[in-house]
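The next block holds one structure in the form of structure tokens; read it before the comments.
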Amino acid sequence: MTKRPSTLADVARRAGTSTAVVSYVINNGPRPVAAATRERVLAAAAELGYRPNRIARALRSRTTGVVGLVLADASNPYFGALARHVEQALERRDRLTLVGNAGFSAERQRHLVERFLAAQVDGLVIVSADTAGDAAALAEAAGVPAVYVHHGPPHGHAPVVAADNQAAVREAAAHLRGHGHRSIAFLAGPHDEGPVGVRREAWDAAVSGDPVLLRCDYSRAEADALTRRLVSEGAMPRALITATDEQAIGILSGAWACGLAVPDQLALISLDGTPESAYTAPALTVTEQPLQAMAEQAVDLLLSPAALTEPPTRAGEAALIRRRSCGCGG
């Protein structure tokens, strides 16, 4: 026979107190409870294996304690690392996170937002996969707060928390010039949209002469293939900034396959700074995006009454992490 789940009343009987007092302890209020009584209630709950019923709590309070997180692409380590920080920030505030993967599809993103709203989430954190639409407008219409992190559409219906991408590019370019490079190429994505578009514009402003702009998809395979082609044509630049770590890792793979020495024949800096960038061969020099600060600030905005009216905000600069790929000895 299946054991019946323990209830609030069971905990109250075991602790020798009322269900109201147990509720105050479990929900941290609204009334204070004496320390000795609190300990007795918590011990009784542990002995009985009591778990609060989120659905019942939601019906009473009209909140679920659940926040939806929509990722542009869950397979990308950058977004995976960002998601981990968002989840941890929400956990510290006693919120449960539901995660959805848009797979860089605007239609899928809209579908996820609609599903999360139907599930009565208390708020939405969106890493936008859509440069034209505004997923937060759906949340606004439903009376649910939302915030974009890393990227949001222009003139969207929610604040955007991002790093200072312009400063990151300027620092990367200045560092390569410090290694003696005067011509610094840039590897962008297929289109100049979102944060990568901002990074490309900053590169335009930070370099001089006739710099080389390269493009490929945000994947290791595409960057690997691009590198092999450029090396075979004798057109591989001597110094390169990549828009993403995924591209940089592909560049390293293609360079190794072609016998192109990094950093002796190619100095390389990437603009994401995901955790695995430290474990490539050679280790990547990166401008490390402040993912934890971005997540904390996004969650603070989300849980604030002003979340829908705050202007776009920056969570800080991306720190330059010097490693071997640029020519440093670290």
Side-chain angles (χ1 to χ4, degrees), residues 54 58 63-165 193-195 272 274-275 289-316 318:
R54 279 189 177 271
T63 62
T64 60
V66 178
V67 171
L69 170 59
V70 180
L71 293 178
D73 180 19
S75 67
N76 187 310
Y78 175 87
F79 296 123
L82 179 57
R84 183 169 63 253
H85 286 297
V86 170
E87 184 176 13
Q88 290 170 348
L90 287 167
E91 176 66 24
R92 284 190 288 273
R93 294 157 178 81
D94 195 30
R95 300 304 200 278
L96 181 67
T97 308
L98 290 181
V99 182
N101 174 32
F104 282 122
S105 165
E107 181 179 355
R108 172 69 177 163
Q109 176 179 277
R110 182 182 180 88
H111 175 71
L112 286 169
V113 169
E114 290 174 341
R115 291 290 300 273
F116 283 159
L117 292 174
Q120 303 294 307
V121 295
D122 293 339
L124 287 169
V125 178
I126 305 170
V127 184
S128 183
D130 185 5
T131 58
D134 184 10
L138 298 174
E140 182 183 55
V144 174
V147 61
Y148 289 109
V149 63
H150 175 69
H151 170 51
H155 314 297
H157 286 65
V160 182
V161 177
D164 190 337
N165 284 290
E193 297 176 342
D272 275 344
T274 53
Q289 299 278 301
L291 298 184
Q292 182 174 359
M294 290 162 62
E296 291 286 345
Q297 191 165 331
V299 169
D300 284 343
L301 279 173
L302 185 73
L303 302 181
S304 163
L308 292 177
T309 59
E310 290 286 341
T313 183
R314 290 174 177 170

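Side chains are part of it too, since the values below use all heavy atoms of this structure and drop only hydrogens, waters and symmetry mates.
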Return the [atom1] to [atom2] distance between [X] and [Y], rounded to the nearest 0.5 Å.
{"X": "Glu296", "Y": "Gln292", "atom1": "CD", "atom2": "CD", "value": "6.0 Å"}
{"X": "Leu124", "Y": "Leu138", "atom1": "CG", "atom2": "CG", "value": "9.0 Å"}
{"X": "Leu69", "Y": "Arg95", "atom1": "CG", "atom2": "CZ", "value": "15.0 Å"}
{"X": "Ser128", "Y": "Asp134", "atom1": "OG", "atom2": "CG", "value": "8.0 Å"}
{"X": "Phe116", "Y": "Asp122", "atom1": "CZ", "atom2": "CG", "value": "13.0 Å"}

Do any pairs count as a side-chain hydrogen bond (donor to acceptor under 3.5 Å, both in side chains) and have a residue in residues 76-89, sequence neighbours left out, and if so which ones?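 Found Tyr78-His150.
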Without swapping roles, check the side chain of [X] against the backbone of [Y] for a donor-acceptor pair under 3.5 Å.
{"X": "Asp73", "Y": "Phe104", "answer": "no"}
{"X": "Asn165", "Y": "Pro195", "answer": "no"}
{"X": "Arg93", "Y": "Ala89", "answer": "yes"}

How close do [X] and [Y] get, heavy atom to heavy atom, and via which atoms?
{"X": "Ala163", "Y": "Pro290", "value": "CB-CD, 3.5 Å"}
{"X": "Ala136", "Y": "Tyr148", "value": "N-OH, 3.0 Å"}
{"X": "Ala72", "Y": "Asn101", "value": "O-OD1, 4.0 Å"}
{"X": "Ala83", "Y": "Leu71", "value": "CB-CD1, 3.7 Å"}
{"X": "His151", "Y": "Gly194", "value": "CE1-CA, 3.4 Å"}
{"X": "Val144", "Y": "Gly123", "value": "CG1-CA, 3.6 Å"}

Does any non-hydrogen side-chain atom of [Y] lie less than 4.5 Å from one of [X]?
{"X": "Pro77", "Y": "Pro275", "value": "no"}
{"X": "Val161", "Y": "Leu301", "value": "yes"}
{"X": "Val149", "Y": "Leu82", "value": "yes"}

Give the intermediate values and the outcome of side chain to side chain contact (heavy atoms under 4.5 Å, CB included) for residues Gln109 and Ile126. CA-CA 9 Å; Gln109 176 179 277; Ile126 305 170; 4.1 Å; yes
Quick one: which of Val121, Val125, Thr97, Leu96 gives a side-chain contact (heavy atoms from CB on, under 4.5 Å) with Val67?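 Going through the options one by one, the only one that passes is Val125.
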Do you see a donor-acceptor pair shorter than 3.5 Å between the side chains of Thr274 and Asp272?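 Per modelled atom types, Thr274 and Asp272 side chains form no pair under 3.5 Å.
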Salt bridge (Lys or Arg N to Asp or Glu O under 4.0 Å) assessment of Arg110 paired with Glu114: CA-CA 6 Å; Arg110 182 182 180 88; Glu114 290 174 341; 3.4 Å; yes
